[in-house]
Amino acid sequence: MENNDLSKRGAWGSKVAFVFAAAGSAIGLGNIWRFPMVVGQNGGALFVLVYILAVALIGFSVMLAELVIGRYSQRNPAGAFEFIKPGSLWKLIGYFGILTAVCILSYYAVIAGWSAGYLMKTASGSFKTSLTSELSDKIFTEFSADPLQAILFFLVMIGITTLIVSKGIKGGIERWTKILMPILFILIIYLAVRALMLPGAKEGISFYLKPDFSQLSGKLILFALGQAFFSLSLGMGIMVTYGSYISKSDNLVTSAGWVCFFDSLIAFFAGIIIFPTLFAIPGIAPAAGPGLVFKVLPLIFSKIPGGILFGTLFFSLFSIAALTSTISLLEVPVAYFVDERSWSRKKAAILVGLFIFCLGIPSALSSGGMAFFTKIDFMGKMDFIFLSLFLPIGALLICVFLGYVWGVKNAAQEILSGNPRFKLGPLWSFSVKFLSPIAILIILYFIKTIAE
Ligand code: PHE
């Protein structure tokens with residue numbers, strides 16, 4: 001590691017480039033698919049409120065912690081912890097993060113592939129006006145159970161991701177997120193305005209934005225916290241890695257703030273699109289669960305005027321958002337091989353991409369493609385272990401490392417570079433040392449209830 005040549009690693013061209021790339025990582029299935037789903041299942045507006053608090057009080061602090069570790073060490077997660085505490089076991093947090101990223105990517109890209117498949121289906125007019133709820137269910141079940149299609153679309157998503165990551169930080173990730181993110185913003189604003197003009201819009205918006213405080217429960221708070229970690233891509237070293245390419249003259253606090261802001265904004269807009277759309281057809285429950293996007297939305301797109309265009313744009317949005325997240329997931333192991341094993345970026349991207357493709361095949365086959373993987377719900381198990389369990393554990397370890405091993409004072413020193421008047425110190429320290437770890441321990445304790 002002594003001859004770690006930093007100039008070969010690459011760096012962001014500007015602060016905006018970092019914010020776009022990191023927001024691209026954060027904005028994904030979590031915002032467009034999972035956020036409306038959990039809002040729907042947890043009573044609507046109050047959840048939105050608690051979620052915003054969770055992002056501001058805890059998510060932001062953990063994100064800043066990851067960015068500081070990354071920028072200070074200028075390394076991938078495994079190298080970063082070793083650099084700060086050489087010869088200790090803390091570097092295992094880094095390996096733990098890399099493993100988590102690889103495993104999450106292996107099934108996340110399968111769902112991203114579904115989105116690409118649905119984009120094709122919607123665009124080619126597969127969803128006719130005569131579509132019924134049973135038929136929509138059947139189309140999704142048949143589509144996700146078809147081994148060929150599931151694997152093919154998964155391969156397409158992994159292939160594009162590998163290609164972009166292999167082109168490096170400036171020429172690959174930065175270039176593409178700078179193109180894709182503005183498209184995503186425009187699409188989401190257009191779709192939100194369009195959704196607000198639908199017949200059921202008023203009812204949908206009041207479900208989404210009028211809090212009913214009697215709904216407050218421990219479960220709601222836990223869900224909101226878990227969603228915040230997932231949505232901000234925290235706990236596995238993505239932000240350590242992306243932080244390691246930030247210039248010493250950039251302000252880390254405002255960078256983290258922008259990423260949290262954009263991520264929450266897009267989740268918020270996704271709700272503005274989904275709830276009025278759901279209420280456009282009477283009789284559809286907002287608590288429809290995971291099938292919400294794939295089963296319910298096509299039904300609605302098939303009934304509303306201009307639905308084919310609306311639906312096609314929606315699934316384009318969904319696919320782009322997923323792609324900017326898969327890129328960040330692949331970047332974590334690739335940065336490791338580039339930094340620590342001196343592989344070329346191209347070799348690392350291709351080999352890791354190929355490995356993840358193989359690892360993801362059981363997930364692609366677990367929605368009916370192959371009886372064995374379906375029966376054990378392979379994808380569900382991966383999701384539970386890595387997302388529900390490993391992410392919060394990773395975030396907890398990062399807080400403990402920063403708060404008690406490296407020390408908030410040392411970390412704050414790094415923040416001063418690019419932000420000489422850093423004032424949030426005591427608040428941030430309180431969040432990293434006490435509030436966030438305790439909140440995560442509580443999440444982990446109640447994990448069974450959350451998973452239900
Ligand atoms: N934050 C991404 C999303 O909202 C998901 C993700 C989680 C990506 C963890 C990377 C790591 O979809």
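Order of listing sets the numbers, starting from 1, for every ligand and every atom in it. Side chains are part of it too, since the values below use all heavy atoms of this structure and drop only hydrogens, waters and symmetry mates. Numbers here are sequence positions counted from 1. Everything quoted here is computed from the prediction, not taken from an experiment.
- Protein residues lining ligand 1, listed by chain and number: Ser25, Ala26, Gly28, Leu29, Gly30, Asn31, Tyr108, Phe230, Ser231, Ser233, Met236, Ile238, Ser325, Leu329 [non-hydrogen atoms, distance under 4.0 Å].
- Side-chain contact between Val39 and Phe275 is present, with heavy atoms from C-beta onward closer than 4.5 Å.
- Residue pairs meeting the salt bridge (Lys or Arg N to Asp or Glu O under 4.0 Å) criterion with at least one partner in residues 63-73, sequence neighbours excluded, are Arg71-Glu414.
- Proximity of Thr324 to Trp176: side-chain heavy atoms (C-beta onward) are nowhere separated by under 4.5 Å.
- Side-chain atoms of Thr141 and Lys295 include no donor-acceptor pair closer than 3.5 Å.
- Judged by the 6.0 Å distance and 45° axis criteria, Arg341 is not positioned over the aromatic ring of Tyr336.
- Cation-pi check for Lys433 over Tyr404 is met; the charged atom lies under 6.0 angstrom from the ring centroid and within 45 degrees of its normal.
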